Amino acid sequence: EQKPKQTTLHPTHRQVEQHPSTHTGSAHRSWTHSRFRPPAPRDGVEASFIYPSRPPLHSRRAHSFPRHCLLLRRDISMAAHMSAGGKKIVGVFYQAGEYADKNPDFVGCVEGALGIRDWLESNGHHYIVTDDKEGLNSELEKHIEDMHVLITTPFHPAYVTAERIKKAKNLELVLTAGIGSDHIDLLAAAAAGLTVAEVTGSNTVSVAEDQLMRILILLRNFLPGYQQVVKGEWNVAGIAHRAYDLEGKTVGTVGAGRIGRLLLQRLKPFNCNMLYHDRIRINPELEKEIGAKFEEDLDVMLPKCDVIVINTPLTEKTRGMFNKEKIAKMKKGVIIVNNARGAIMDTQAVADACSNGYIAGYGGDVWFPQPAPKDHPWRYMPNHAMTPHTSGTTIDAQLRYASGVKDMLDRYFKGEDFPVENYIVKEGELASQYK
């Protein structure tokens, strides 16, 4: 009788099995960039500043590995799995730290690594994950020249500039884990022949729900009431003098794409008046069902609104769109919610209008840059409901965009096209919303 093969490992190490690579080579890359070169041979395995692989999701709570053991395990894994035809994939996500193991589905962070490390390494690929993205000495910068795929996220964006694209000689694919790829120089990506894609629809519900929450928080003057409780105070008048119902108010959304339409649908039961401005009108049947009215001229819509929600992508046309002059066209006492992109707003103009009371409340989770510096004026302006960029990274959204990234990577390895709606740049062409 044949005895089972014995493997001697440190008791805290998980056994690493070598799997044959399923990479099919460049002949199947029907749409990827033609600059591909196989990765240069490595003398050793890099270990510094690189986060180790995690245990499987189902066993994270049951295992606690010392960091030196995890790094050794990662070294063994890379040596075993990195094949000559494998791709180098770099992921940039926010770090979870002490929160990493509080939820087994928390995959959108550095430690979770989208839950795809074992799958990638078992198929012969090299997966680097970091949160260090800024400056010439950052961990990301060390891998730019020879990485083939970059995965980044709007919640902790790696700014993919024209300069970085020029350095990235092997780069073929940039994936956004989520929605919104404005942290990438899309024109430079198109000129370089890169493919840029995102997980369209992965967090639309998450963001629309968050927008509705912020509208209610600001209208009902919720935050001062919460702060009173925390401080041990009790002053009903201090809250009630500027608290309003949503019913009967006019809400306008600037942009009525996937998120904008979902917001309008969720606003309908509140019996408010709904307006929208977009370059493309909603299907007439859906428009009638929702009960929203199309406004072709944004400047005509703005003074009608008690609440304005920003739902347009950041492009060169919308960058700084809401400046002092545009804000002056709004109704005095307006509430603004912006979960789109911070750079759509003139930062100082918003802070000034909140300070002088022209804007009664400003809420959102998007800033420029991100993470927001400690002296960002929105942190200190009155009547705001700002948070870090979290609306689209709920646990449910993380699972959706992690699954979408894995699906696109699998298609990329096989040379198959992505779902059409996921493309932001393909074969030198930008998606219509970014033109």
Side-chain angles (χ1 to χ4, degrees), residues 29-36 89-93 133-134 140-141 144-145 147-204 207 254-255 257-260 278-280 310-321 338-345 366-370 389 392 401 404-405 408-409 411-412 417-435:
R29 293 178 292 106
S30 59
W31 50 266
T32 54
H33 183 43
S34 60
R35 292 183 302 170
F36 169 73
I89 298 156
V90 177
V92 180
F93 313 112
K133 62 189 179 72
E134 303 294 344
L140 171 60
E141 199 75 21
I144 283 178
E145 290 190 1
M147 66 183 178
H148 301 99
V149 180
L150 174 63
I151 307 170
T152 183
T153 171
F155 317 107
H156 187 72
Y159 293 103
V160 186
T161 61
E163 183 180 1
R164 279 181 161 173
I165 289 172
K166 188 176 180 180
K167 291 179 183 177
K169 304 300 183 183
N170 288 347
L171 186 61
E172 301 174 324
L173 175 63
V174 183
L175 293 177
T176 296
I179 302 172
S181 298
D182 47 89
H183 52 282
I184 303 161
D185 187 327
L186 298 177
L187 291 176
L194 303 181
T195 295
V196 179
E198 58 190 41
V199 191
T200 299
S202 59
N203 53 18
T204 52
V207 176
V254 183
R258 291 178 176 85
I259 296 172
D278 201 302
R279 60 191 178 85
I280 301 174
I310 312 301
N311 273 313
T312 186
L314 176 62
T315 67
E316 288 309 308
K317 293 179 181 178
T318 63
R319 187 178 299 274
M321 177 180 181
N338 177 18
N339 285 35
R341 288 295 180 267
I344 294 172
M345 316 301 291
V366 288
W367 310 68
F368 184 79
Q370 289 187 182
H389 195 171
Y401 62 68
V405 166
M408 286 192 287
L409 285 172
R411 291 169 183 257
Y412 163 70
D417 279 352
F418 301 160
V420 174
E421 64 272 16
N422 286 8
Y423 284 109
I424 302 303
V425 176
K426 182 183 180 184
E427 297 174 352
E429 290 292 323
L430 273 65
S432 60
Q433 66 266 35
Y434 286 100
K435 290 182 178 179

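Note that the coordinates shown come from a computational prediction; the quantities given were computed from them, not determined experimentally.
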Quiz item: Between Tyr434 and Asp182, what is the shortest heavy-atom contact and its length?
Solution: OH-N, 4.1 Å

Quiz item: Can you find a heavy atom in the side chain of Glu134 that is under 4.5 Å from one in the side chain of Pro369?
Solution: no

Quiz item: Does atom NZ of Lys167 have more than 12 heavy-atom neighbours, drawn from other residues, nucleotides or ligands, at distances under 6.0 Å?
Solution: yes

Quiz prompt | Minimum heavy-atom distance between Ile179 and Thr204, given as atom pair plus value | solution = CD1-CG2, 3.7 Å

Quiz item: If you look only at pairs with a residue in residues 156-165, which of them pass as a salt bridge (charged side-chain N to carboxylate O under 4.0 Å, His left out), with sequence neighbours excluded?
Solution: Glu141-Arg164

Practice problem: Kindly indicate whether the side chain of Leu173, heavy atoms from C-beta on, has any atom under 4.5 Å from the side chain of Phe418. | Solution: yes

Exercise. Measure from the side-chain N and O atoms of Lys169 to the backbone N and O of Lys166, and report whether any donor-acceptor pair falls under 3.5 Å.
Key: yes

Practice problem: Check whether any side-chain heavy atom of Met345 sits under 4.5 Å from a side-chain heavy atom of Phe368, and report yes or no. | Solution: no

Quiz item: For Leu314 and Arg319, what are the C-alpha separation, side-chain angles and deciding distance, and is it a side chain to side chain contact (heavy atoms under 4.5 Å, CB included)?
Solution: CA-CA 6 Å; Leu314 176 62; Arg319 187 178 299 274; 3.9 Å; yes

Practice problem: For the residue pair Phe93 and His156, establish whether any side-chain heavy-atom pair is separated by less than 4.5 Å. | Solution: no

Exercise. Side-chain contact test, heavy atoms from C-beta onward, threshold under 4.5 Å: evaluate it for Asp185 versus Thr161 and give yes or no.
Key: no

Quiz prompt | Main-chain N/O of Gly178 paired with Thr153 side-chain donor or acceptor, under 3.5 Å | solution = no

Quiz item: How far apart are the closest heavy atoms of Arg279 and Ser432, and which atoms are they?
Solution: NH2-OG, 3.6 Å

Practice problem: Check whether any side-chain heavy atom of Pro419 lies under 4.5 Å from a side-chain heavy atom of Arg411, and answer yes or no. | Solution: yes

Quiz item: Less than 4.5 Å apart, any side-chain heavy atom of Val425 and any of Leu194?
Solution: no

Quiz prompt | Closest non-hydrogen atom pair between Ala189 and Ile184, with its separation | solution = CB-CG2, 4.4 Å

Practice problem: Please report the shortest heavy-atom distance between Leu150 and Leu171, naming the atom on each side. | Solution: N-CD1, 3.9 Å

Self-check item: Least distance between heavy atoms, Val199 atom then Gly404 atom
Solution: CG1-CA, 3.7 Å

Quiz prompt | Backbone of Pro157 reached by a side-chain donor or acceptor of Lys133 within 3.5 Å | solution = yes

Quiz item: Quick one: are Met321 and Ile310 in side-chain contact, heavy atoms under 4.5 Å?
Solution: no

Self-check item: Polar side chain donor-acceptor pair, Ser181 to Glu198, under 3.5 angstrom
Solution: yes

